[in-house]
Amino acid sequence: MSTLFLIGMHEIEKSETIARNEDLFDRIVELQDLDSLMVNLYTDRVSPFPNPHNFETGVSLVLYDPSKLQLPVRQLDVLFKRFFPSFNISAIDHTHEENLQPLKNVGRENSICSNRITRINHWMYHHHDDTSDGFTKANFSTLNENSLPTQACQANIYTLLLHLNYSKAQHLQKASVPRLIRNIEFTSFLSEPIEKLSQDESYYWNILSTWKFCALSLSTQELIWCGFTLIKKLSKDANVLIADNKLLLLLFTLESSYHQVNKFHNFRHAIDVMQATWQLCTYLLSENPVQTLLLCMAAIGHDVGHPGTNNQLLCNCESEVAESFKNVSILENFHRELFQQLLSDHWPQLLAISKKQFDFISEAILATDMALHSKYENRITHEKPMKQVTLISLIIKAADISNVTRPLSISARWAYLITLEFGDCALLETFHKEHRPEQDCFGDSYKNIDTAEEDLDSIQNILTSVTNPDDIIKEHPYIPNGQIFFINTFAEVFFNALSQKFPNLKFLSENVETNKEYWMKHTHKKQK
Ligand SMILES: Nc1ncnc2c1ncn2[C@@H]1O[C@@H]2COP(=O)(O)O[C@H]2[C@H]1O
């Protein structure tokens, strides 16, 4: 879904170029000022699933007269990158005809980002050559100093590299929060949870306080509210205070830094891992409120910007993001870098504490790389006494794969979503057999691609109505085999060792066993 925002523009001001290209957009939204634009962006983004106005499956342009609204286009673009990082949205000064060129590309750009495979491909292997005005090449430390990147791309579509580079460049700027954002009252976008709370004050506490927590049943507004409720309490316990509206801005920015269109690695997973981390901290870190707060924050940020694929795929195609992290824990380094920048922007006091304590948040996020799994598994039994850094790494690792330890009806739904996401990775690999990953997006290379339609209906069902594992298996008979593989290879030994070391975590290994038994009874035998 793509939107053309016309801000403070009268009908007579519309040039012929604008009128001629309006059909390329799914909707035209006319607004008085940029404040209304901000309200519109936030309101749309937290609309219920399936949310067509996610700003990721289409390209949106904002046309306005910067001299009238007293904000240069460059500054509005920087604001978009800073507060709505995953959005495909750009600002244009419509008073100069030559600036309207990007309108003509919208059709092609929309087709790239409405197809989930070309969209992911674009995120992973493209970048914008956006270095000439504003952000100098020197700021982009991930780029090789001597050579410019080979395939610069002018499309208005999100890329991992652009996200990373803006994040780094912003770090150098240390800008304050602009008025347009500062003036927003974020609770006004949270009518749904606030309505529920008016009926039952402890509604979200009750669902957060149990291992039956099911992030899958919550809307985006509710997920943000759960994050807010928990972090607010933990920040009080730890005496590292943050104003309510600032914390909400941090959470809204985080939500907009995750890809809502991913099946598994999205803000829902982040909140799920945050809740699991907190529950585990109540057993293992109860004496340490500061570390509990830091670890729960690390959990919300641990997959920020995740493309829904994996390190191998980034490595195989020699993406610049992979090179910038020397092919080591690529995504985890990427998440760490983005999240640290986000915290230094929104909650610098917390980052300062983290750095004092062995760069706590960094360590925790890097520990989620599954390539390090057996190293951590060994430490559970062999590291005596267990170091604090090992303990926090184990907590976040356990939380990250805790979906297999949730009650079966919840676990099976997560299994379904990760299976769909793995399916996209397989399609991407097939795509690479015939297309170069970093091809010119305005050339013919993306033409004639099989449409990989969004599987929104399946996801909608999993989020709203299908909770019985038997029904899930009917649709995807191979899920049990995948779950048995994952449990046998990673989860079983890990959670058994953890439960032996910390007997009050026995419920984790027991749940894994119960779930495994169910999957074993339903394995799919290949027909000869
Ligand atoms: N239920 C599951 N089934 C299969 N793989 C899983 C499951 N849960 C987590 N994983 C994998 O474990 C990985 C943990 O790190 P990531 O979140 O990067 O990616 C995750 C998936 O690849």
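Atoms within a ligand are numbered from 1 in the order they appear, just like the ligands themselves. Numbers here are sequence positions counted from 1.
Using a 4.0 Å cutoff on heavy atoms, E332 does not count as a contact of ligand 1. Judged by the shortest distance from any of its heavy atoms, F485 lies outside the 4.0 Å radius around the atoms of ligand 1.
Checked for salt-bridge contact, D400 and K397 miss the test: no charged N lies under 4.0 Å from a carboxylate O.
The cationic group of R379 lies under 6.0 Å from the six-membered ring centre of Y376 and within 45° of the ring axis, placing it in a cation-pi geometry. Within the cation-pi definition used here (under 6.0 Å to the ring centroid, within 45° of the axis), R406 does not qualify as a partner of W414.
In the candidate list F486, F490, F422, F486 is nearest to atom 12 (O) of ligand 1, counting heavy atoms. Checking Q483, H335, H265 against atom 20 (C) of ligand 1, the nearest heavy atom belongs to H265.
For H269, no nitrogen or oxygen atom sits less than 3.5 Å from a nitrogen or oxygen atom of ligand 1, counting backbone and side chain alike.
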- Message: What verdict does the side-chain contact (heavy atoms from CB on, under 4.5 Å) test give for C425 and N310, after you've listed the backbone C-alpha separation in whole Å, the side-chain angles of each residue and the deciding distance to 0.1 Å?
- Response: CA-CA 8 Å; C425 294; N310 54 52; 4.2 Å; yes
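At the top of the distance list for atom 14 (C) of ligand 1, counting protein heavy atoms only, stands M370 CG, 3.4 Å. Here the heavy atom of the protein found nearest to atom 1 (N) of ligand 1 is N403 OD1, 2.8 Å. The protein heavy atom nearest to atom 21 (C) of ligand 1 is I418 CD1, 3.9 Å. Ranking the protein heavy atoms by distance from atom 15 (O) of ligand 1 puts D400 OD2, 3.5 Å first.
If you look at H335 and F339, their ring centroids are not closer than 6.0 Å.
Proximity to V404 (heavy-atom distance under 4.0 Å) selects the following atoms of ligand 1: 1 (N).
A donor-acceptor contact under 3.5 angstrom links the side chains of R336 and N333, judged on distance only. A donor and an acceptor atom, one from each side chain of H432 and N121, are located under 3.5 Å apart.
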